[in-house]
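Everything on this sheet refers to the single structure shown next.
What you see is a predicted model; the values in this text were computed from it and never measured.
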Amino acid sequence: MKIALLDAGPLVALYDRSSFAHAHYVHLLADRRIDWRLCTTWPCVVEACNFLRADTRAQMLRWLERGGASVFPFDQGHLGEMVESMQRYTEFPRTDMDFADASLVWLASETGVTAVMTLDVRDFSRYRLSNGQAFELL
């Protein structure tokens, strides 16, 4: 079994056939040699919903409902850690760390899972866990 975090970009790519990354993620998840266990957060789901048309948004949400990926909840007590990450990784001229990315960094810290399906290669290449561990980009 391979456990991976799932960012908003690949969620969109899976359901938007016009995405440049659609074939990559469809083939990656269709590889029968790998039993994927995908984990994401609500901020990533919300971000993906904002980029999908109504019909594909519904398909993506139904896929999540059927267990396509586990959506990890967090409570307001975890927001401080996410804000700290957002402040740490927001520096000119780099892009700001958004809430969805901060939630995945938090989830990686909580679970120890560092494999991440993301289109944000530049950002996730610089993010680190508190122990200095880098992400494995998929």
Side-chain angles (χ1 to χ4, degrees):
M1 176 180 342
K2 175 85 173 169
I3 303 172
L5 305 178
L6 184 59
D7 197 7
L11 267 173
V12 171
L14 284 169
Y15 289 91
D16 180 357
R17 292 180 182 273
S18 68
S19 169
F20 73 93
H22 175 75
H24 171 72
Y25 287 108
V26 167
H27 290 123
L28 188 64
L29 294 180
D31 186 344
R32 296 187 185 267
R33 297 171 295 171
I34 303 172
D35 179 21
W36 288 103
R37 180 167 176 235
L38 304 175
C39 310
T40 194
T41 62
W42 288 114
C44 293
V45 173
V46 171
E47 186 175 301
C49 285
N50 286 323
F51 288 101
L52 291 170
R53 293 185 331 263
D55 59 333
T56 52
R57 181 182 319 126
Q59 290 173 11
M60 188 255 315
L61 292 171
R62 296 260 186 231
W63 177 75
L64 289 171
E65 178 185 36
R66 292 188 307 271
S70 298
V71 183
F72 278 72
F74 55 84
D75 59 41
Q76 62 267 34
H78 297 113
L79 291 173
E81 295 171 60
M82 293 179 216
V83 169
E84 286 175 17
S85 289
M86 291 167 73
Q87 290 174 329
R88 182 179 324 116
Y89 290 104
T90 298
E91 53 190 48
F92 184 79
R94 296 183 174 145
T95 58
D96 295 347
M97 176 188 251
D98 66 26
F99 186 41
D101 287 359
S103 72
L104 287 180
V105 171
W106 167 82
L107 183 56
S109 295
E110 289 289 307
T111 64
V113 175
T114 57
V116 61
M117 292 184 184
T118 186
L119 300 179
D120 296 334
V121 172
R122 182 180 62 179
D123 290 336
F124 274 90
S125 293
R126 65 188 178 106
Y127 299 157
R128 297 289 182 269
L129 299 184
S130 60
N131 65 3
Q133 188 174 5
F135 285 88
E136 173 193 358
L137 307 179
L138 304 172

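- With a 4.5 Å cut-off on side-chain heavy atoms, N50 and V46 count as touching.
- The shortest non-hydrogen separation linking A8 to C44 is CB-O, 3.4 Å.
- Distance CD/E110 to CG/L104: 13.0 Å, rounded to 0.5 Å.
- Residues L138 and V116 have side chains not in contact (no heavy-atom distance under 4.5 Å, counting atoms from C-beta outward).
- Within the 4.5 Å cutoff, the side chain of F124 has heavy atoms near those of the D7 side chain.
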R122 and S125: CA distance, side-chain angles, deciding distance, side-chain contact (heavy atoms from CB on, under 4.5 Å) verdict: CA-CA 5 Å; R122 182 180 62 179; S125 293; 5.9 Å; no
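- Looking only at distances, a side-chain donor or acceptor of D31 sits under 3.5 Å from a matching main-chain atom of R33.
- Cluster membership check: F51 does not share its hydrophobic cluster with F99, using side-chain heavy-atom separations under 4.5 Å among Ile, Leu, Val, Met, Phe, Trp and Tyr.
- Connection of V45 to W63 is established within a shared hydrophobic cluster, with ILVMFWY side chains joined at heavy-atom distances below 4.5 Å, either directly or through further cluster members.
- By the 30° and 60° cut-offs, the orientation of the rings of F135 relative to Y127 is perpendicular.
- Note on L119: it clusters hydrophobically with L38, by side-chain heavy-atom contacts below 4.5 Å among ILVMFWY residues.
- Pairs engaging residues 10-28 under the salt bridge (charged side-chain N to carboxylate O under 4.0 Å, His left out) rule: none recorded [sequence neighbours left out].
- For the atom pair CD1 of I34 and CE of M1, the computed distance is 13.0 Å after rounding to the nearest 0.5 Å.
- To the nearest 0.5 Å, atom CD of residue Q133 and atom CZ of residue R128 are 9.5 Å apart.
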Could you please spell out the steps behind the side-chain contact (heavy atoms from CB on, under 4.5 Å) verdict for C49 and L61? CA-CA 9 Å; C49 285; L61 292 171; 4.0 Å; yes
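- In this structure, CG on L11 lies 11.5 Å from OG1 on T56, to the nearest 0.5 angstrom.
- The CE atom of M117 sits 10.5 Å away from the SG atom of C39 when rounded to the nearest 0.5 Å.
- A side-chain donor-acceptor contact under 3.5 Å links W36 to the backbone of L28.
- Using a 4.5 Å heavy-atom cutoff, the side chains of M60 and L14 are not in contact.
- Cluster annotation: Y25 and L5 are assigned to distinct hydrophobic clusters (Ile/Leu/Val/Met/Phe/Trp/Tyr, side-chain heavy-atom contacts under 4.5 Å, transitive).
- Under a hydrophobic clustering in which Ile, Leu, Val, Met, Phe, Trp and Tyr are joined whenever their side-chain heavy atoms come within less than 4.5 Å, directly or via other members, V121 and V113 fall into the same cluster.
- Closest non-hydrogen pair, T118 versus D120, comes out as OG1-N, 3.0 Å.
- Taking CG of D101 as the start and OH of Y89 as the end, the distance is 11.5 Å to the nearest 0.5 Å.
- Every pair passing salt bridge (charged side-chain N to carboxylate O under 4.0 Å, His left out) that includes a residue from residues 44-57 is listed here, sequence neighbours excluded: R53-D55.
- Smallest separation of non-hydrogen atoms from W42 and P73: CD1-CA, 4.4 Å.
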Is there a side-chain contact (heavy atoms from CB on, under 4.5 Å) between T41 and V71 once you walk through the steps? CA-CA 5 Å; T41 62; V71 183; 5.5 Å; no
